[in-house]
S.K.: 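To start, I am sharing the structure in question, which I have written as structure tokens.
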Amino acid sequence: EPEVTQTPSHQVTQMGQEVILRCVPISNHLYFYWYRQILGQKVEFLVSFYNNEISEKSEIFDDQFSVERPDGSNFTLKIRSTKLEDSAMYFCASSYRTGDDTQYFGPGTRLTVL
Amino acid sequence: QKEVEQDPGPLSVPEGAIVSLNCTYSNSAFQYFMWYRQYSRKGPELLMYTYSSGNKEDGRFTAQVDKSSKYISLFIRDSQPSDSATYLCAAGGSGNTGKLIFGQGTTLQVKP
């Protein structure tokens, strides 16, 4: 069964450093998403991406964040200068369509900022 | 007011019990609703997807949506210890970007 994969599973970084989180969405999916979940809190939407453009972004997704689909299979989230409060689980998701279509989530990357 | 509200629990039931998990939402523009199961430190796993008011059944799981009262439910019949997890409700469709709004999640423990 196709699945969304994410690497690394755990990333530890120093405050102020740049990190890139990687995702491989399901191969025939066209819509891609990033969510995050701070420990003990709800899953929060960060950004949706389609046709090489951001469709929507949340207030959390400020200028320190960027997304890219560098090739036909990967989807990345870059945090330019990490802060302590960026420590969270980051989930990538993908769907074949938007609107009334289901999103499948990856296993997540746990980001720890020291 | 939070867009999607869910009682975090925890909810503890004996094996074999019927479990009822509930969410309310405030945005009448939401068009579709999903239930995900999440094990500790893992990604959400899709359980059920519903688009309209009414019931949808899949094995031991039944999802129910009442758009008039903005209320969504997930019922688990014959609960098993392996059902112990956090259950997340999510709502979407207020725009056309696929954005999902999640509830807090309800932690369920099924005791043998």
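In what follows, chains carry the letters A, B, and so on, assigned in the order in which the sequence lines appear, proteins first and then strands, with residues in each chain numbered from 1. Heavy-atom basis, side chains included; hydrogens, waters and symmetry copies ignored.
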S.K.: Which atoms of Leu46(A) are under 4.5 Å from chain B, going by heavy atoms: the side chain, the backbone, both sets, or neither?
M.R.: neither
S.K.: Ignoring hydrogens and angles, tell me if any N or O in the side chain of Gln104(B) forms a donor-acceptor pair with the backbone of Gly40(A) under 3.5 Å.
M.R.: yes
S.K.: Do Ile60(A) and Phe105(A) sit in the same hydrophobic cluster, where Ile, Leu, Val, Met, Phe, Trp and Tyr count as joined when their side-chain heavy atoms come under 4.5 Å apart?
M.R.: no
S.K.: What distance do Tyr51(B) atom OH and Thr102(A) atom OG1 have between them, rounded to the nearest 0.5 Å?
M.R.: 13.5 Å
S.K.: So which of Pro8(B), Gly103(B), Ala90(B) has the largest heavy-atom pair count under 4.5 angstrom toward chain A?
M.R.: Gly103(B)
S.K.: Calculate, to the nearest 0.5 Å, the distance between atoms OG1 and OH belonging to Thr97(B) and Tyr33(A) respectively.
M.R.: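 It comes to 7.5 Å.
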S.K.: Between Phe91(A) and Tyr50(A), is there shared hydrophobic-cluster membership here, with clusters defined by ILVMFWY side-chain heavy atoms closer than 4.5 Å?
M.R.: yes
S.K.: Which heavy atom of Lys42(A) sits nearest to which heavy atom of Phe102(B), and what is that distance?
M.R.: NZ-O, 3.3 Å
S.K.: Supply the atom-to-atom distance Ser55(A) OG to Lys99(B) NZ, rounded to the nearest 0.5 angstrom.
M.R.: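 The distance works out to 12.5 Å.
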S.K.: Could you tell me whether the side chain of Leu100(B) reaches within less than 4.5 Å of the side chain of Tyr35(A), counting heavy atoms only?
M.R.: yes
S.K.: For chain B, find which of Leu39(A), Val43(A), Val4(A) contributes the most heavy-atom pairs closer than 4.5 angstrom.
M.R.: Val43(A)
S.K.: With a 4.5 angstrom heavy-atom cut-off, could you sort out which part of Gln38(B) is near chain A: side chain, backbone, both or neither?
M.R.: side chain
S.K.: Cluster question for you: counting only ILVMFWY and a side-chain heavy-atom cut-off of under 4.5 Å, with indirect links fine, are Tyr49(B) and Tyr31(A) together?
M.R.: yes
S.K.: If two hydrophobic side chains count as joined below 4.5 Å and joins carry through other members, does Tyr87(B) share a cluster with Met48(B)?
M.R.: yes
S.K.: Taking all non-hydrogen atoms of both residues, which atom of Arg41(B) and which atom of Met89(A) are closest, and how far apart?
M.R.: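 Smallest interatomic distance, heavy atoms only, reads O-CE, 3.8 Å.
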S.K.: Just wondering, more than 12 heavy atoms not from Asp71(A) lying within 6.0 Å of its CG?
M.R.: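 Correct, the count exceeds 12.
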S.K.: For Gln103(A) and Tyr36(B): C-alpha separation, side-chain torsions, deciding distance, then whether side chain to side chain contact (heavy atoms under 4.5 Å, CB included) applies.
M.R.: CA-CA 10 Å; Gln103(A) 291 180 29; Tyr36(B) 287 87; 3.7 Å; yes
S.K.: Say whether Trp35(B) and Val13(B) are linked into one hydrophobic cluster, either directly or through other cluster members, by side-chain heavy-atom distances under 4.5 angstrom.
M.R.: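 Looking at the clustering, Val13(B) is in the same group as Trp35(B).
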S.K.: Less than 4.5 Å to any heavy atom of chain B: does that hold for the side chain of Gln37(A), its backbone, both, or neither?
M.R.: side chain
S.K.: Considering residues, nucleotides and ligands other than Lys42(B), do more than 12 of their heavy atoms fall under 6.0 Å from its NZ?
M.R.: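 Check fails, neighbour count at 12 or below.
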S.K.: Given a strict heavy-atom distance threshold of 4.5 Å, which part of Gln31(B) is in contact with chain A: side chain, backbone, both, or neither?
M.R.: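 Neither part.
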